[in-house]
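Data first, discussion second: the structure below is written as structure tokens.
All chains are named by letter (A, B, ...) in the order of the sequence lines, taking the proteins before the strands, and each is independently numbered beginning at 1. All values below were derived from every heavy atom in this structure, side-chain atoms included, with hydrogens, water molecules and symmetry-related copies excluded.
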2 protein chains.
Amino acid sequence: MDVTIKDIAADAGVSVSTVSRVVNGSKSVSPELKGRVMASIEKFHFRPNAAARSLVTRNTGLVAVLEADVRNPITALHLKQISDVCMKHDKVMIVCDYDFDQDKALLLMDNMLERNIDGLIFQGVHLNEKILERLRRFQCPVVLGNQGPSEDMRCEFPAVTVNSYHAAKDMTRFLISEGHKHIAYVGGSSEDYTNGTLRLRGFLDGMREADLQVQDSDIYQGEFSTESGEKGMNQIYENSLELPTAVVTGSDIIAAGVIRCLKAHKLKVPDDISVAGFDDSISDIYDPPLTTVRMLDQGEVFYKALFEEKGEACVNEWCYFPYQIVRRSSTRRITN
Amino acid sequence: MDVTIKDIAADAGVSVSTVSRVVNGSKSVSPELKGRVMASIEKFHFRPNAAARSLVTRNTGLVAVLEADVRNPITALHLKQISDVCMKHDKVMIVCDYDFDQDKALLLMDNMLERNIDGLIFQGVHLNEKILERLRRFQCPVVLGNQGPSEDMRCEFPAVTVNSYHAAKDMTRFLISEGHKHIAYVGGSSEDYTNGTLRLRGFLDGMREADLQVQDSDIYQGEFSTESGEKGMNQIYENSLELPTAVVTGSDIIAAGVIRCLKAHKLKVPDDISVAGFDDSISDIYDPPLTTVRMLDQGEVFYKALFEEKGEACVNEWCYFPYQIVRRSSTRRITN
DNA sequence: CTGAAAGCGCTAACAG
DNA sequence: CTGTTAGCGCTTTCAG
């Protein structure tokens with residue numbers, strides 16, 4: 001049997017409330033008693049039972065992160081930072097992978113509902129009413145990660161993401177500033193509003209503001225995978241009389257596929273074609289290292305979105321990670 | 001206020017014990033009462049409070065995974081699988097990153113001690129007495145991941161890893177069978193017994209059994225990073241009159257560095273030199289795709305090591321992941 | 001098959 | 001500053 005607060009009280013010759021007080025530092029306790037209690041705690045390696053405590057205090061120090069797929073490379077970046085910021089605030093993180101399966105996600109939410117978590121981060125790609133309905137049952141703050149509501153839906157949970165639209169636009173602008181005029185786009189699914197639709201939109205607007213044409217055949221929307229990137233680039237390759245000089249992609253993983261395709265066609269990156277990634281997940285170890293979009297302070301942004309007092313009642317609110325364009329060697333400046 | 005078992009009991013006109021029984025399916029309840037209770041539960045979206053429950057049942061359905069660095073690419077693979085197997089057994093996973101910081105690890109263990117977790121997976125690279133002492137305080141099963149005790153230490157916790165020695169040896173054998181005779185090794189730190197020392201040892205024994213020479217200058221032990229791989233290969237390049245035809249590395253990440261170095265010297269992979277990875281983390285998206293060691297069933301092996309009845313009292317026990325050599329295009333067969 | 005009641009270990013009034 | 005005590009929400013004997 002574990003040692004309880006009673007054992008400590010008995011050993012130190014005080015009441016349980018005194019032990020509780022020194023454990024929590026709640027109210028002042030005379031140095032004398034405090035010393036005795038501390039000694040007993042040390043002696044028995046006493047650790048207060050979290051369940052009992054949370055039963056009365058009604059918080060658990062638990063932040064749940066529900067992931068569509070933990071293997072997603074940007075997941076690791078987020079988890080690291082969320083773990084860090086949680087630790088700073090004396091919380092820990094529950095991580096669950098629902099494998100893109102809505103039913104599993106629902107089950108996991110029920111589990112979390114029982115656990116009385118302090119906050120929930122729901123990472124996904126596709127929002128729907130059933131999910132939203134379940135999210136509404138939580139008493140604790142809930143935020144969406146890696147996704148957000150499209151304009152036509154109403155959502156009371158803040159979405160925490162990079163500003164896909166602006167980031168894609170900035171990347172496009174960057175390539176244009178490097179002398180590129182003919183740029184293609186290989187991105188993820190249009191069903192993924194945040195990472196698919198918005199990035200394409202950013203790309204298009206970036207081109208438009210520079211008065212540059214974009215052929216339909218220079219746009220591919222597939223999935224967020226290397227295979228899809230390869231396939232997309234292949235399609236563009238086959239359907240274009242003149243190859244683009246640069247490609248904006250929806251993720252580093254896609255960029256890897258694009259580059260693989262290019263190499264298969266004996267095209268060099270960046271000499272023949274520049275390729276930009278997105279996420280800075282594998283960008284630095286890849287060959288060539290990828291010019292990409294790096295997100296910053298993800299942990300902080302998540303934490304603030306969860307626990308910081310919001311002034312106004314907010315609907316369809318977005319909290320954005322700061323980001324920066326990182327220039328590496330998969331893109332180059334061209335002159336003509 | 002949340003709805004409790006009492007509310008349900010009142011609404012259904014039964015006692016709390018009856019509600020508890022139907023919730024847990026523990027003892028048989030008459031269909032009539034059961035129906036009423038179910039209805040009330042549905043009506044109020046009642047979820048039993050996990051803290052209250054675990055206070056009496058003394059288990060929490062929590063498995064804690066303490067990671068040295070969540071960004072480690074193989075971590076994602078493990079987490080995915082551990083999450084899956086946990087879900088199958090109605091448990092969830094707490095994930096904490098201690099950032100290679102022993103003090104943080106100690107703090108996190110204390111936190112877990114309070115939480116009465118059902119099992120602990122301590123992933124790390126370097127075991128010492130202080131850590132072991134803390135691990136011994138857990139009442140729940142504890143396993144080590146990604147590391148194991150060296151021969152000279154005594155450790156009562158099972159180590160769950162790939163068999164680094166055999167895997168490295170098998171990879172070496174594979175390269176030898178592909179016609180390679182001059183093979184170099186670029187691995188991680190020798191302070192990392194499991195992933196450093198043992199892999200080197202496997203490599204050396206693989207070479208020895210084929211009566212192949214290994215020069216000291218063909219061995220580099222650095223860290224598990226791309227930079228280190230690059231540096232290591234560079235050193236080998238500079239110190240060898242004759243270049244090896246193949247390189248065994250300690251991880252995919254290291255292999256990426258080795259390849260980067262090789263390319264910088266205008267050497268082609270695998271045409272000029274074959275390079276083998278380890279882990280199958282980025283192997284498939286890399287360019288070229290890496291021949292590597294893939295681990296299997298990690299989730300199952302972890303779970304079994306934690307919760308399966310062990311026959312004998314075990315000291316310095318190892319539980320190994322199945323693995324296989326995956327042949328991709330970073331290595332080639334040579335003839336001469 | 002069902003209900004009453006005694007805790008699980010801890011916190012938080014409330015007295016003293 | 002310190003101790004007593006009443007729960008937090010649930011499970012689990014123990015009677016009935």
Next item on the list: Would you list the pairs meeting ring-ring contact (aromatic ring centres under 6.0 Å, His included) in which at least one residue belongs to residues 102-136 of chain A, sequence neighbours left out?
Entry: A:Tyr98-A:Phe122
Check: What residues form a side-chain hydrogen bond (donor to acceptor under 3.5 Å, both in side chains) with B:Lys6, not counting sequence neighbours?
Finding: none
Next item on the list: Would you classify A:Val14 as touching base, sugar-phosphate or nothing, given that sugar-phosphate means primed atoms plus P, OP1 and OP2, and contacts are heavy atoms under 4.0 Å?
Entry: sugar-phosphate
Item checked: Nucleotide D:dG7, atom P - distance to CG of B:Asp2 in whole Å -> 20 Å
Next item on the list: Side chain of A:Ala52 only, please: which of D:dC10, D:dG3, C:dC10 is the nearest?
Entry: C:dC10
Next item on the list: Please list, chain by chain and in numerical order, all residues satisfying side-chain hydrogen bond (donor to acceptor under 3.5 Å, both in side chains) with B:Glu191, sequence neighbours excluded.
Entry: none
Next item on the list: Verify the contact: side-chain N or O of A:Arg58 to OP1 or OP2 of D:dG9, cut-off strictly under 4.0 Å; return yes or no.
Entry: yes
Margin query: What residues from residues 107-119 of chain B pass a heavy-atom cutoff of under 4.0 Å to DNA chain D?
Written below: none
Next item on the list: Measure the distance from CZ on B:Arg53 to C1' on D:dT12 and round it to the nearest whole Å.
Entry: 13 Å
Next item on the list: Send over the distance from B:Ile8 CD1 to D:dC10 P, rounded to a whole Å.
Entry: 9 Å
Check: Are the side chain of A:Thr57 and the backbone of A:Arg53 linked by a donor-acceptor contact shorter than 3.5 Å?
Finding: yes
Item checked: Rounded distance (Å) that lies between atom C1' of C:dC10 and atom CZ of A:Arg47 -> 15 Å
Note to self: Please report the distance, rounded to the nearest Å, between NZ in A:Lys6 and P in C:dC10.
What the structure shows: 10 Å
Note to self: Tell me whether the side-chain N/O atoms of A:Ser30 come closer than 4.0 Å to OP1 or OP2 in D:dT2.
What the structure shows: yes
Item checked: Length of the line joining B:Ile5:CD1 and D:dG7:P, which is rounded to integer Å -> 18 Å
Checklist line | B:Lys104 NZ: over 12 foreign heavy atoms closer than 6.0 Å | finding: yes
Next item on the list: Could you tell me whether B:Lys91 sits above the aromatic face of B:Tyr303, with NZ or CZ closer than 6.0 angstrom to the six-membered ring centre and within 45 degrees of the axis?
Entry: no
Next item on the list: Take the protein atom NZ of A:Lys34 and the nucleotide atom P of D:dT2, then report the distance between them rounded to whole Å.
Entry: 11 Å
Margin query: Under a 3.5 Å distance rule, please check whether A:Asn116 uses its side chain to pair with a backbone N or O of A:Thr60 as donor and acceptor.
Written below: no
Next item on the list: Could you tell me which residues satisfy side-chain hydrogen bond (donor to acceptor under 3.5 Å, both in side chains) with A:Asn163, sequence neighbours excluded, listed by chain and number?
Entry: A:His166
Note to self: Let me spell it out: for each of A:Phe46 and B:Val29, pick the nucleotide of DNA chain C with the closest heavy atom. Which residue's pick is nearer the 5' end?
What the structure shows: B:Val29
Margin query: If I take atom CG in residue B:Asn49 and atom P in nucleotide D:dT11, what distance separates them, rounded to the nearest angstrom?
Written below: 10 Å
Note to self: D:dG9, OP1 or OP2 - any side-chain N/O from B:Thr4 closer than 4.0 Å?
What the structure shows: no
What N/O pairs connect the protein and nucleotides 12-16 of chain C at under 3.5 Å? Give each pair on its own line.
none

Item checked: B:Arg136, B:Arg137, B:Lys130 screened by side chain to side chain donor-acceptor pair (under 3.5 Å) with B:Glu133, the one that passes -> B:Arg137
Note to self: Using a heavy-atom cut-off of 4.0 Å across all strands, would you classify B:Val23 as base, sugar-phosphate, or nothing?
What the structure shows: nothing
Notebook entry, point to check: Rounded to the nearest 0.5 Å, how far does CD1 of A:Ile94 lie from CZ of A:Arg115?
Noted result: 5.5 Å
Next item on the list: Just compare C:dT2, D:dG3, C:dG9 and give me whichever is closest to any side-chain atom of A:Leu55.
Entry: C:dG9
